[in-house]
J.: 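Next up is a structure, given as C-alpha cells.
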Amino acid sequence: MLARINPKPLSGTVPAIASKSMAHRIIIAAALANGVTRVACDTTCADIDATIRCLTALGARITLIEGGYEIHPAPKSLEHGLLRALAGATLDCGESGSTLRFMLPVACALGADATFVGAARLGERPIAPLSDELIAAGCTLEGVGGFPLRASGRMRAGRFELPGNVSSQYISGLLLAAPLLDGDTEIAVTGTLESRPYVDLTIDVLASFGVTVDIEEGATPGGIPLTVFRVPRQGYRTPGTIAVEGDWSNAAFWLCAGALGRHSVTVRGVSPTSIQGDRAISAALMLFGAKGQRNARTATIRPDRLHGIELDAHDIPDLVPVLSAVAACAEGTTRFTGCARLRIKESDRLATTAAELANLGACVRVDGDGLLIEGRERLSGGRVESHNDHRIAMMAAIAAVRCEGPVEIAGAEAVNKSYPAFFDHYRLLGGDVELFDE
C-alpha cells in the first residue's frame with residue numbers, strides 16, 4: 001500500500017489505542033491463570049492477534065466480547081505442564097518479536113512440544129542467549145536462527161543468567177514462564193538492564209495475577225551491577241476482570257505532531273501515572289521546547305520554538321524514530337545515544353530512520369549507537385520506504401507535517417502491526433492522506 005500525504009498541520013483530539021505491550025502480557029497471563037478472565041481491550045493489531053493465535057494453539061479459548069476478550073485458560077498443572085493431548089502445536093508468531101520471545105519460554109515451561117513459525121525477518125532476529133538458557137534448563141531447541149523453530153522438553157525451575165544489554169523481552173519471557181514451573185526461579189541480570197520499564201510492566205501485570213516477584217539490586221564481586229528477580233513457586237490467579245491501558249508508544253506520534261504543527265494535539269485515554277516507559281514522550285518534547293499538559297486521562301502538546309537536545313534513549317528506544325522527526329525540525333543539533341537495540345527491530349532502525357528522514361530532506365546520520373541530527377525549519381518531502389517497519393512508516397507520516405511537498409510512503413500497510421487505525425486517526429486530526437494499492 002502507498003500512502004500519499006499532502007502536508008498539513010495536525011490538530012485536535014484523538015483517542016489512544018490499547019497498549020500493545022500491556023495487552024501481550026495480560027492476555028498471556030489470563031490464558032495461563034486458574035479461571036476465566038475478562039480483559040477490557042477495545043483495539044487490536046497484528047501483533048496482539050499473533051499472541052492470541054499462539055495461545056489458542058496451546059489450548060486457551062479466547063473469544064471476542066464487547067470491548068475486549070473473555071479468556072478461558074489452557075488446561076495445565078504445575079506438576080505436569082500442558083496436557084499431552086495438546087503437544088505438537090504450531091505457533092505462528094507472524095512478525096511479532098514480543099510474541100516469539102514471550103511464548104517460547106512459556107511453551108518450554110509448559111512442555112508444549114511446539115513448533116514456532118513466522119515472518120522471515122523475525123526468524124533472523126537474535127534469540128540467544130535466551131535460547132541458551134532454555135537449553136541449559138532441559139529443553140531441546142531445533143532450528144535456532146530461523147523458522148521453523150521446534151521446542152521440546154519441559155523447562156526446569158532454577159537460576160537463569162542473562163546480560164543486561166540484551167532485549168528486555170528475554171527477561172519478560174522468563175518472568176512470564178516462571179509461575180508455570182514446579183519450583184522457585186531466579187533470573188540474574190548482569191550489567192545495566194536495557195529498557196527496564198518494559199520489565200517493570202511485566203512485573204506489574206504479574207502482580208495483577210497474584211504472582212509475587214522479589215527484586216534484589218546489588219553487584220557482582222567485580223563491581224558490575226547485578227539485578228536478581230526471584231519468583232517463588234506459585235501459579236497465576238485470575239483477577240476476574242482487568243483493563244489494558246491506553247498506549248503511550250503510539251500516542252507519541254500524535255504528540256510529536258503537536259510539537260511540529262501550529263496548534264495543540266491531545267491524546268485521550270492515557271494515564272500520566274502509567275508504568276509504561278514511553279510516557280516519557282511528554283517530558284522529551286518539553287525538553288525540545290514544546291509546551292505540554294497532562295491530566296488523569298489526557299496528554300496535550302502544543303508547539304513552541306524547538307531547539308536541539310541530547311537524550312539517552314536507553315529506556316525509550318521505540319520513541320527514537322518519531323523524536324528524530326522532531327529533531328530534524330528543531331534549531332541546532334540533537335544527539336540521541338543508547339540506541340543499540342534499534343539495530344535488531346523490525347528493521348535496523350538506526351539506519352532506516354537516518355535514511356528515510358534524509359530522503360525527506362533532513363540532515364541526519366548514524367553516530368555510533370546513536371543519531372546526530374542538524375535541525376532545519378522545514379523538510380522538502382519526497383518518497384520513503386517503510387522497510388516493513390510500522391514505526392518508520394508512522395515517523396514519515398508525522399514528519400510530513402513540516403514538509404514543503406508531498407510525502408509518499410511505500411509499504412504503508414506496515415502500520416497494521418501495531419496501529420491499524422493510524423491513517424484514520426491521521427485524518428481525524430485534519431491530515432490529508434490518500435491510500436493506494438501498490
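Residues: numbered from 1 along the sequence shown.
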J.: Can you list the steps and then say if C93 with F116 is a side-chain contact (heavy atoms from CB on, under 4.5 Å)?
T.: CA-CA 7 Å; C93 300; F116 289 83; 3.8 Å; yes

J.: Is T333 reaching over with its side chain to a backbone N or O of E374, donor-acceptor style, under 3.5 angstrom?
T.: no

J.: Would you find a donor on one side and an acceptor on the other, under 3.5 Å apart, between the side chain of R335 and the backbone of L372?
T.: no

J.: Any ion pair linking R154 and D182 (charged N to carboxylate O, less than 4.0 Å)?
T.: no

J.: Is the distance between the ring centroids of H390 and F422 less than 6.0 Å?
T.: no

J.: Assess whether a salt bridge exists between K417 and E95, defined as any Lys/Arg side-chain N lying under 4.0 Å from an Asp/Glu carboxylate O.
T.: no

J.: In chain order, what residues pass the salt bridge (Lys or Arg N to Asp or Glu O under 4.0 Å) check against D315, with sequence neighbours excluded?
T.: none

J.: Do NZ/NE/NH1/NH2 and the carboxylate oxygens of D304 and R302 come within less than 4.0 Å?
T.: no

J.: So how far is it from I309 CD1 to I373 CD1, rounded to the nearest 0.5 Å?
T.: 9.5 Å

J.: Excluding sequence neighbours, so at least two apart, what forms ring-ring contact (aromatic ring centres under 6.0 Å, His included) with H314?
T.: none

J.: I'd like to know if the side chain of W248 and the backbone of S271 have a donor-acceptor N/O pair within less than 3.5 Å.
T.: yes

J.: Take a 6.0 Å sphere around CZ of R159 and say whether it holds more than 12 heavy atoms from other residues, nucleotides or ligands.
T.: yes

J.: Run the salt-bridge test on D49 and R53 with the 4.0 Å N-O cut-off and return the result as yes or no.
T.: no

J.: Regarding S264 and T300, is there a side-chain donor-to-acceptor distance under 3.5 Å anywhere?
T.: no

J.: Is a side-chain N or O of T202 found less than 3.5 angstrom from the main chain of Y198, in a donor-acceptor match?
T.: yes

J.: Does T13 have any side-chain hydrogen bond (donor to acceptor under 3.5 Å, both in side chains) partners at least two apart in sequence or in another chain, and if so, which?
T.: none

J.: Kindly state each residue pair satisfying salt bridge (Lys or Arg N to Asp or Glu O under 4.0 Å) with at least one member in residues 13-37, sequence neighbours excluded.
T.: K20-D47

J.: Let me have the donor-acceptor pairs involving side chains of residues 225-232, under 3.5 Å, with sequence neighbours excluded, atom names and distances please.
T.:
from, atom 1, to, atom 2, distance (Å)
T227, OG1, E217, OE1, 2.9
R230, NE, E186, OE2, 2.8
R230, NH1, E216, OE1, 2.6
R230, NH2, E216, OE1, 3.2

J.: Say whether, by atom type as modelled, one donor and one acceptor occur between the side chain of T238 and the main chain of A33 under 3.5 angstrom.
T.: no

J.: Under a 4.0 Å threshold between the charged nitrogen and the carboxylate oxygen, would D348 count as salt-bridged to R343?
T.: yes

J.: Using a strict cut-off of less than 4.0 Å between a Lys/Arg side-chain nitrogen and an Asp/Glu carboxylate oxygen, indicate whether D369 and R341 qualify as a salt bridge.
T.: no

J.: If you round to the nearest 0.5 Å, how far is NE2 of H387 from CZ of R121?
T.: 11.0 Å

J.: Short question: side chain of Q234, backbone of T212 - any donor-acceptor pair under 3.5 Å?
T.: yes

J.: Side chains of D389 and S386: donor-acceptor distance under 3.5 Å anywhere?
T.: no

J.: Checking S208 now: which residues fulfil side-chain hydrogen bond (donor to acceptor under 3.5 Å, both in side chains) with it, not counting sequence neighbours?
T.: none

